[in-house]
**Q** 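Can you read through this structure? Questions will come right after.
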2 protein chains.
Amino acid sequence: MPDRNLPPAMGAPDDRVRRRLTLQDIADAAGVSPGLVSMILRGQSGPSAATAAKVTEVAERLGYRPNRTASQLASRRTQLLGVTSTPGNPYHGELVEEILSRTNDRGYEVLLSPVTRTHEEVGAIQTLVDSRCEVIILLNTTLEPGRLEKALDGLPAVVVGPSVDLPTVDVVRTDDSAAVTMLVEHLLELGHTRIAHVDGGDLYLPRTRREAYEAAMVRHRLSPLVVSGGETEDRGAEAADEILGTSDSTAIIAYNDLCAIGIMDSLQKRGVRIPEDISITGFDNNRIARLHGIALTTIDPLKLEQARRAVDCAIERVDQGRTQRVIHEFPPHLIVRATTAQPKARASRRVMAARRAIDT
Amino acid sequence: MPDRNLPPAMGAPDDRVRRRLTLQDIADAAGVSPGLVSMILRGQSGPSAATAAKVTEVAERLGYRPNRTASQLASRRTQLLGVTSTPGNPYHGELVEEILSRTNDRGYEVLLSPVTRTHEEVGAIQTLVDSRCEVIILLNTTLEPGRLEKALDGLPAVVVGPSVDLPTVDVVRTDDSAAVTMLVEHLLELGHTRIAHVDGGDLYLPRTRREAYEAAMVRHRLSPLVVSGGETEDRGAEAADEILGTSDSTAIIAYNDLCAIGIMDSLQKRGVRIPEDISITGFDNNRIARLHGIALTTIDPLKLEQARRAVDCAIERVDQGRTQRVIHEFPPHLIVRATTAQPKARASRRVMAARRAIDT
DNA sequence: ATGAAAGCGCTAACAC
DNA sequence: GTGTTAGCGCTTTCAT
């Protein structure tokens with residue numbers, strides 16, 4: 001048997017990772033068995049207070065930190081709660097903060113898996129599954145149920161945002177249809193009739209909102225105008241050009257706040273004033289929407305409550321072994337700020353100029 | 001020996017985690033040994049093409065996913081690159097996105113550890129260390145070198161932002177002093193003399209900027225005015241009130257963009273116009289600063305280059321075993337937008353009114 | 001080229 | 001109470 005005080009002569013494939021203290025080291029130093037040390041360090045009852053004190057002191061003094069990888073493997077529990085989110089999205093940021101604080105002291109650690117252009121959602125979920133998270137929370141997943149189910153590989157999950165119909169997946173969401181209807185009617189009341197929608201792309205959640213928009217428009221005997229957009233500012237900006245160049249809409253319902261902000265930015269860059277020339281609405285009520293310089297009329301989805309509920313759902317699944325599906329729908333709130341107003345009788349010179357600039 | 005096709009009758013402490021396929025299962029199904037399967041699935045040379053094909057096919061068909069925990073334990077490598085970041089901070093979001101795309105296909109997986117009010121930085125680092133990341137990237141760490149060194153527990157790291165003097169810690173940063181000096185001189189050129197600074201709190205990085213501000217002011221024979229702020233909007237908003245109530249500054253240099261945005265928001269809420277009544281500058285050039293409704297004059301720290309460089313540094317440490325410290329300093333760029341302008345000869349009625357409102 | 005066997009550091013059952 | 005033992009699922013020798 002090799003001397004345990006030395007770095008392993010062999011076995012370690014390389015020495016990039018320096019040897020760390022093990023349970024055995026602490027056991028040796030305290031003159032007890034590894035098993036005992038394990039129990040004590042995890043605060044299990046059984047060991048006497050005297051040995052517990054000694055072992056704790058030794059571990060502390062030597063600066064021992066348990067190898068989580070090993071303990072996960074042995075206990076077949078990771079106590080990990082996976083979360084997928086998009087780092088740049090302030091709405092996700094707020095949700096993540098609340099998820100963290102809600103998870104605090106519940107015995108779970110949160111593992112964040114980023115979703116970006118270069119690191120797509122299936123991969124992000126894969127990482128969480130491979131890391132053996134016990135349950136996963138998905139923020140605004142863009143996956144179809146089929147692909148989602150495959151990616152989850154049987155793990156229970158809770159989806160915040162879209163309504164996914166899978167037995168192992170709980171849903172925490174806003175009533176999107178009601179929300180979009182509120183938006184349409186808010187604009188209608190202001191006097192708008194030419195209301196366009198910049199959607200979030202051909203994905204699950206965006207589809208719900210788009211359909212709600214179309215239904216609401218038709219219900220009011222108006223013709224819907226859908227322009228394809230996306231979830232980010234840049235996609236919104238592109239869509240803004242398209243609307244300006246091809247329609248005479250006086251109001252735009254954007255898929256979400258980020259998209260709306262991109263639209264506003266692009267429009268303002270072209271000299272169009274908001275809301276004097278064109279009204280804009282968002283969805284999410286993120287921290288940017290609340291700024292005075294932006295003051296976006298939007299939908300507040302009670303995100304803090306949603307985050308908390310998502311954590312509760314997730315933990316119920318693992319701790320109480322709930323297997324039945326739960327759906328939690330929150331009522332949307334319309335927040336009217338400064339980006340919506342009555343339309344002008346006819347398009348302003350500014351808008352005409354902006355249109356002309358695009359056509360060329 | 002228990003039937004391997006059944007969930008383990010005992011041994012599993014509970015059945016919250018359902019049994020997943022193991023290497024052994026694949027080996028059995030393919031009629032080879034687990035060792036072989038391992039080699040094949042990791043693409044090692046050695047096994048014959050024929051068996052490789054067969055094993056791959058079986059693994060694929062059965063939907064096998066290796067248990068990363070186990071492989072980490074056995075190989076003593078995690079191939080994990082840890083990153084601490086604050087989810088709500090858009091500047092961090094941009095850095096993280098770039099870090100991810102730069103890490104792509106370099107054989108490392110990124111583990112994100114969130115830092116928030118309820119989940120502080122030492123804990124976030126701890127999590128990364130316990131998860132046995134091989135190297136860590138810290139975004140704008142607020143820790144003193146002493147505490148940082150202890151938290152890292154010997155792991156190599158690279159800090160983006162502050163200048164930390166530790167042999168195992170590389171530094172990627174902007175020249176903060178030069179940047180702040182540019183800001184002061186920009187305002188000076190516009191004609192401001194009563195320039196206040198809202199700092200980022202009593203932390204490492206904020207200190208650098210505050211000292212640079214003070215030095216620049218003194219150099220120009222002006223008296224500095226420092227108001228304590230923080231890294232977030234709310235702290236900026238509080239500081240704005242203090243400045244408005246106790247000074248007659250015509251310009252404010254905020255610790256960073258987020259803080260500046262909080263200041264702007266609070267000021268505008270009180271009827272103060274920017275930049276007509278008061279000029280504001282930020283630091284970071286985050287995506288919000290770029291919006292037309294905000295148009296914040298700020299410092300661009302070349303964040304994409306910084307992110308890329310940080311990843312390179314980190315990977316050099318582990319892959320090439322570099323142990324010598326590297327410091328990379330990027331030149332700051334002043335971005336003049338719409339929040340800075342010439343000061344008025346005397347305070348406007350709006351400012352007076354706002355002041356009076358605060359005093360009461 | 002393949003199989004057998006010995007761990008990685010820990011946990012959990014079981015003796016004592 | 002405490003120590004011993006047998007794995008967890010994988011990687012990596014070392015035989016064959």
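Lettering of chains follows the sequences in order, A, B, ..., and the numbering in each one begins at 1.
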**Q** Among D/dG3, D/dC10, C/dA12, which is the nearest nucleotide to the side chain of B/P66?
**A**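 Closest of the options to the side chain of B/P66: D/dC10.
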**Q** By nearest heavy atom, map B/A70 and B/A52 onto DNA chain C; which one lands nearer the 5' end?
**A**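 Residue closer to the 5' terminus by nearest nucleotide: B/A52.
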**Q** What is the distance from CD of A/Q24 to C1' of C/dT11, rounded to the nearest Å?
**A**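 Checked: the CD to C1' distance equals 14 Å.
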**Q** Quick one: is B/Y64 getting a side-chain N or O under 4.0 Å of the D/dC10 phosphate, OP1 or OP2?
**A**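 Checking B/Y64 against D/dC10: at least one side-chain N or O falls below 4.0 Å of OP1 or OP2.
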**Q** With DNA chain D as reference, determine whether B/Q44 or A/A49 sits nearer its 5' end, using the nearest nucleotide of each.
**A**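 Whichever sits nearer the 5' end wins; that is A/A49.
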**Q** Minimum heavy-atom separation for B/A307 and B/I99, please, with both atom names.
**A**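 Looking at all heavy atoms of both residues, the shortest contact is CB-CG1, 4.0 Å.
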**Q** Looking at C/dG7, D/dC8, D/dT4, which one has an atom nearest to any side-chain atom of A/S33?
**A**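 Looking only at heavy atoms from C-beta outward on A/S33, the closest nucleotide is D/dT4.
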**Q** Check whether any side-chain N or O of A/D153 sits under 3.5 Å from a backbone N or O of A/V129 as a donor-acceptor pair, and report yes or no.
**A**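 Absent.
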**Q** Where is the tightest heavy-atom contact between B/P87 and B/P114, given as atom of each residue plus distance?
**A**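 That closest heavy-atom pairing would be CG-CB, 3.8 Å.
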**Q** To the nearest angstrom, how far is A/I40 atom CD1 from D/dG3 atom C1'?
**A**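 The answer, rounded to whole Å, is 12 Å.
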**Q** Of the options D/dT12, C/dA12, C/dC8, whose atoms approach the side-chain atoms of A/S75 most closely?
**A**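 Nearest to the side-chain atoms of A/S75, counting from C-beta on, is C/dA12.
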**Q** Can you tell me if A/R77 uses its side chain to pair, donor with acceptor, with the backbone of A/Q79 under 3.5 Å?
**A**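 Not at all, since once roles are kept as given, no pair shorter than 3.5 Å links the two residues.
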**Q** Look at all strands and tell whether A/G46 reaches a base, only sugar-phosphate, or nothing, counting heavy atoms closer than 4.0 Å.
**A**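 The answer is sugar-phosphate, as A/G46 gets under 4.0 Å only of primed atoms, P, OP1 or OP2.
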**Q** Would you mind listing every salt bridge (Lys or Arg N to Asp or Glu O under 4.0 Å) that reaches into residues 58-74 of chain B, with sequence neighbours excluded?
**A**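 Residue pairs passing salt bridge (Lys or Arg N to Asp or Glu O under 4.0 Å), neighbours aside: A/D130-B/R65, B/E57-B/R61, B/R68-B/E109.
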**Q** For B/L36 and D/dT11, what is the distance between atoms CG and P respectively, to the nearest whole Å?
**A**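 For the pair B/L36 CG and D/dT11 P, the rounded distance is 13 Å.
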**Q** Does B/R147, at its CZ atom, have more than 12 non-hydrogen atoms belonging to other residues, nucleotides or ligands within less than 6.0 Å?
**A**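 Result for CZ/B/R147: open.
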**Q** What does B/R68 touch in the nucleic acid at a heavy-atom separation under 4.0 angstrom: a base, only the sugar-phosphate, or nothing?
**A**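 Nothing: the residue B/R68, judged by heavy atoms under 4.0 Å, touches no strand.
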**Q** Please check if the side chain of A/R325 supplies one atom and the backbone of A/T323 the other of a donor-acceptor pair under 3.5 Å.
**A**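 Judged by distance alone, no pair lies under 3.5 Å.
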**Q** Of all the heavy-atom pairs spanning A/L62 and A/A29, show the shortest one and how long it is.
**A**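 Scanning both residues, the minimum pair turns out to be CD2-CB, 4.1 Å.
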**Q** D/dT12, C/dA1, C/dC10: which one has an atom nearest the side-chain heavy atoms of B/S48?
**A**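 Shortest atom-to-atom distance from the side chain points to C/dA1.
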**Q** Roughly, in whole Å, what's the span from CG in B/L23 to P in D/dC8?
**A**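 Going from CG in B/L23 over to P in D/dC8 covers 13 Å.
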**Q** Nearest to the side chain of A/A74, heavy atoms from C-beta on, is which of D/dT2, D/dG3, C/dT11?
**A**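 Closest of the options to the side chain of A/A74: C/dT11.
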**Q** Pick base, sugar-phosphate or nothing for A/T69, based on heavy-atom distances below 4.0 Å to the nucleic acid.
**A**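 No contact at all - A/T69 keeps every heavy atom at 4.0 Å or more from the nucleic acid.
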**Q** Take the protein atom CZ of A/R65 and the nucleotide atom C1' of C/dC10, then report the distance between them rounded to whole Å.
**A**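 Taking atom C1' of C/dC10 as the reference, CZ of A/R65 is at 15 Å.
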**Q** Please tell me if B/R42 has a side-chain N or O lying less than 4.0 Å from either OP1 or OP2 of D/dT12.
**A**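 Affirmative; the distance criterion is met.
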**Q** Go through D/dG9, C/dC10, D/dT11 for me and flag the one nearest to the B/S71 side chain.
**A**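 Looking only at side-chain atoms, B/S71 lies closest to D/dT11.
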**Q** Without decimals, in angstroms, what is the distance between A/R132 CZ and D/dC8 C1'?
**A**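 Distance check: A/R132 CZ to D/dC8 C1' gives 12 Å.
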**Q** Please report, rounded to the nearest Å, how far the P atom of D/dT11 is from the CZ atom of B/R76.
**A**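 Distance, rounded to whole Å: 12 Å.
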**Q** Look at B/T51 and C/dT2 and indicate whether a side-chain polar atom (N or O) is within less than 4.0 Å of OP1 or OP2.
**A**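 For C/dT2, OP1/OP2 do have a side-chain N/O of B/T51 under 4.0 Å.
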**Q** Five pairs at each end of the helix from C/dA1-D/dT16 to C/dC16-D/dG1: take the axis at both ends and give me the angle between them to 10°.
**A**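 Taking five pairs per end, the axes differ by 40°.
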**Q** Tell me: NZ of A/K54 to C1' of D/dG1, nearest whole Å?
**A**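 Result: 12 Å.
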